[in-house]
Structures are given as structure tokens and as C-alpha cells.
Amino acid sequence: MYVRLLDSQFIKINGGALDMAKCVCCGKETSFGKQLSITRSHISKRTTRPVRPNLRTVKAVIDGKVQRVSVCSKCLRSGKVQRAV
């Protein structure tokens with residue numbers, strides 16, 4: 001299934017998760033944690049909040065071809081992705 005965004009861009013959806021919100025190298029994607037509401041030294045509410053990875057869209061060489069991919073900053077710094085020049 002494909003979802004249309006602005007400027008005639010399409011994103012493929014797998015099981016409800018967007019493919020673009022995932023690192024190509026390590027597979028890091030959005031996870032969920034708890035947000036605590038503290039009033040007068042007492043936790044009154046707990047709600048879930050998304051914890052998103054620090055993704056960058058870069059031009060990288062994949063299988064000898066230059067492609068635009070989403071890569072997390074940790075994979076960029078460690079050199080797991082060869083950027084296209």
C-alpha cells in the first residue's frame with residue numbers, strides 16, 4: 001500500500017509503519033516510551049510518547065548506484081554508509 005504526501009511523493013507502508021522513518025543500515029525506527037507528568041513530587045499521569053531516531057536523508061552508494069536513503073546519525077559517524085560525492 002502506498003500513501004501520497006505533498007509534492008507528489010509516495011511512501012510505502014508496511015504494517016502501519018512508514019518505510020522512510022527507518023535507518024537503512026541498522027534498522028533503527030520509532031520506539032515508544034513514557035512521558036511522566038509530575039506535580040508536587042507525585043507522578044499524576046503517564047502517557048506514551050514517540051522516541052524518534054536522528055535520521056538524515058543522504059545520497060549514498062548502494063550496490064554501485066547512487067540513491068537517496070534515510071540513515072541515522074550514528075551510522076553516518078561510524079562510516080557504515082559510503083556517501084556519494
Side-chain angles (χ1 to χ4, degrees):
M1 177 180 195
Y2 290 88
V3 174
R4 183 177 181 160
L5 295 180
L6 298 175
D7 301 329
S8 69
Q9 294 177 346
F10 289 89
I11 298 175
K12 187 176 180 184
I13 293 183
N14 288 337
L18 295 175
D19 273 348
M20 66 181 277
K22 188 174 185 179
C23 177
V24 176
C25 291
C26 63
K28 188 182 290 187
E29 58 188 355
T30 303
S31 60
F32 293 92
K34 298 288 185 190
Q35 182 174 3
L36 306 177
S37 175
I38 301 174
T39 30
R40 293 174 300 180
S41 303
H42 179 72
I43 296 175
S44 57
K45 297 177 188 173
R46 286 187 176 95
T47 57
T48 58
R49 74 176 196 82
V51 180
R52 296 186 179 93
N54 187 7
L55 293 178
R56 302 286 170 218
T57 304
V58 296
K59 288 183 181 179
V61 179
I62 298 177
D63 297 329
K65 298 177 185 175
V66 177
Q67 294 180 346
R68 290 181 91 81
V69 291
S70 295
V71 182
C72 68
S73 60
K74 188 174 181 180
C75 291
L76 274 175
R77 282 186 283 129
S78 62
K80 292 183 180 178
V81 178
Q82 181 183 359
R83 294 184 76 157
V85 178

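As the structure is a computational prediction, the values presented were derived from the model and not from experiment. Computed over heavy atoms, backbone and side chain alike; hydrogens, waters and symmetry mates excluded.
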Separation of Q67 CD from K59 NZ (nearest 0.5 Å):
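Between atom NZ of K59 and atom CD of Q67 there are 12.5 Å.
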Measure the spacing between CZ of R52 and OG of S31 and express it to the nearest 0.5 Å.
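Here the rounded value is 10.0 Å.
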Kindly write out the residues that satisfy side chain to side chain contact (heavy atoms under 4.5 Å, CB included) with [X], not counting sequence neighbours, or none if the list is empty.
{"X": "T47", "result": "Q35"}
{"X": "R40", "result": "none"}
{"X": "V85", "result": "none"}
{"X": "Q82", "result": "V61"}

Under 3.5 Å: donor-acceptor pair, side chain of S44, backbone of S37:
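Yes; at least one donor-acceptor contact below 3.5 Å.
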For T30, which residues count as a side-chain hydrogen bond (donor to acceptor under 3.5 Å, both in side chains) partner, sequence neighbours excluded?
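side-chain hydrogen bond (donor to acceptor under 3.5 Å, both in side chains) check on T30 returns nothing, list empty.
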Got a sec, which residues hit side-chain hydrogen bond (donor to acceptor under 3.5 Å, both in side chains) with R56, two or more places apart in sequence or on another chain?
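Here the qualifying residues are N54.
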Nearest atoms (heavy-atom pairs only) where [X] meets [Y]:
{"X": "K28", "Y": "P53", "answer": "CD-CB, 3.6 Å"}
{"X": "K22", "Y": "L55", "answer": "N-CD1, 3.6 Å"}
{"X": "C72", "Y": "C23", "answer": "N-SG, 3.4 Å"}

Should side-chain heavy atoms under 4.5 Å link Ile, Leu, Val, Met, Phe, Trp and Tyr, which residues sit in the same cluster as V81?
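The other cluster members (ILVMFWY side chains, heavy atoms under 4.5 Å, direct or chained) are V24, V58, I62, V69, V71, L76.
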If hydrophobic residues (ILVMFWY) are linked whenever their side-chain heavy atoms come closer than 4.5 Å, directly or via other members, who joins I43 in its cluster?
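I43 shares its hydrophobic cluster with L36, I38.
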